[in-house]
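Below you'll find the structure, written out as structure tokens, and then a few comments.
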Amino acid sequence: MGKKRKQPEKEVSVKKEETAPERPKRTLLGWKDKDAEVDDSPFFRNKEKLLVTCSRRISYRFRHLMLNMVSLLPHCKKDSKIEAKESKGSTLNELVELKNCSSCLFFECRKGKDLYLWAAKSPNGPSVKFLVDAVHTMEELKLTGNHLKGSRPLLTFSSNFGKDAHWRMLKELLIQTFGTPKDHRKAKPYHDHVFVFSLLDDHIWFRNYQISVPHNETDKVDRGGLDKMTLVEVGPRFCLNPIKIFAGSFGGPTLYDNPFYVSPNERRAADKRKKAGKYAHKVKAKTKRKAHEQDNPLQPDEYADMWKGE
């Protein structure tokens with residue numbers, strides 16, 4: 001039996017694993033190549049995004065106020081309720097990061113009747129805690145003003161915001177929080193309403209006005225013709241009383257502490273003491289009157305028995 005012919009060894013070619021090219025990153029303006037990540041444009045692009053949420057057991061009036069603010073801010077994202085505990089700061093910071101936002105408005109309700117508003121820049125701060133007073137929602141006011149939903153607001157501040165450093169910081173924080181970016185996908189390229197922040201008695205008063213212009217063809221407003229424009233209030237209304245400004249996001253070192261702040265619990269306790277003092281004064285006056293009647297009895301009347309015999 002013949003031997004098998006030895007066959008030459010075949011060269012085994014190792015194929016390199018072919019991997020799919022990396023997918024370019026998608027942005028609001030289209031697909032972005034990896035080489036074009038470095039933007040040398042001299043123009044600043046505002047990428048501000050806002051997260052709006054509230055605490056559990058919030059009352060219906062305060063929830064309606066939060067929904068009014070959500071409808072007025074097209075660059076915000078709404079999330080589910082959060083438990084108002086001591087660890088809410090870390091929870092909110094994680095939530096802001098998951099939602100890809102840079103600012104946060106947190107409506108915190110205490111005892112069902114006190115509303116606190118946290119405005120924070122995440123994750124590095126600063127943050128401020130407000131007490132919200134004089135709340136009036138759009139549903140309560142029923143004003144005649146009306147503007148386009150999703151339009152960008154103009155922000156106006158009273159001139160006394162520049163008198164102190166903490167007011168200047170609050171002004172910048174409000175600008176970055178309530179200002180809608182120009183190229184945001186949900187914003188409409190119109191300015192038909194204005195947010196007014198007025199500083200009075202160390203409180204910030206918020207108002208929202210529609211910019212009303214005549215629509216007749218003969219009454220068209222020229223550029224700069226502000227004398228024909230009118231402001232019509234839309235709502236909502238509320239007042240912000242700053243309590244503390246923190247260096248971090250939802251906490252950290254205290255930058256400013258309001259010395260004139262009085263908590264709602266202290267105000268209610270003072271009202272109770274006042275009412276209790278009023279009642280004590282009434283009881284004291286009654287006791288004093290009885291003692292006076294005993295010390296000064298009435299003299300018998302000489303004509304008391306005049307008509308008894310008849």
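Counting begins at 1 with the first residue of the sequence.
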Would you mind writing out the side-chain donor-acceptor pairs for residues 240-251 within the sub-3.5 Å range, not counting sequence neighbours?
| residue | atom | partner | partner atom | Å |
| --- | --- | --- | --- | --- |
| Asn241 | OD1 | Asn258 | ND2 | 3.4 |
| Ser249 | OG | Asn93 | OD1 | 2.7 |

Glu139 and Arg61: CA distance, side-chain angles, deciding distance, salt bridge (Lys or Arg N to Asp or Glu O under 4.0 Å) verdict: CA-CA 10 Å; Glu139 292 80 7; Arg61 291 185 70 247; over 6 Å; no

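- More than 12 heavy atoms of other residues, nucleotides or ligands sit less than 6.0 Å from atom NZ of Lys88.
- A donor-acceptor distance shorter than 3.5 angstrom exists from the side chain of Asn68 to the backbone of Met138, with no hydrogens or angles considered.
- Within the structure, every pair that satisfies the ring pair (Phe, Tyr, Trp, His ring centres under 6.0 Å) test and touches residues 133-154, not counting sequence neighbours, is listed here: His147-His193.
- Distance alone, capped at 3.5 Å, is enough to place a donor-acceptor pair between the Arg168 side chain and the Gly162 backbone.
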List the steps and the verdict of salt bridge (Lys or Arg N to Asp or Glu O under 4.0 Å) for Lys182 and Glu48. CA-CA 10 Å; Lys182 180 181 178 183; Glu48 187 75 30; over 6 Å; no

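- Shortest non-hydrogen contact noted between Pro181 and Ala187 is O-CB, 4.2 Å.
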Donor-acceptor pairs under 3.5 angstrom involving side-chain atoms of residues 268-278: please list them, not counting sequence neighbours.
| residue | atom | partner | partner atom | Å |
| --- | --- | --- | --- | --- |
| Arg268 | NH1 | Asp114 | OD1 | 3.2 |
| Arg268 | NH2 | Asp114 | OD2 | 2.9 |
| Arg268 | NH2 | Asn265 | OD1 | 2.7 |

Please set out all donor-acceptor pairs under 3.5 angstrom arising from side-chain atoms of residues 194-202, sequence neighbours excluded.
none

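- Residues that satisfy the side chain to side chain contact (heavy atoms under 4.5 Å, CB included) test with Glu94, not counting sequence neighbours, are absent from this structure.
- Every residue meeting the ring-ring contact (aromatic ring centres under 6.0 Å, His included) condition with His166, not counting sequence neighbours, appears here in chain and number order: Tyr256.
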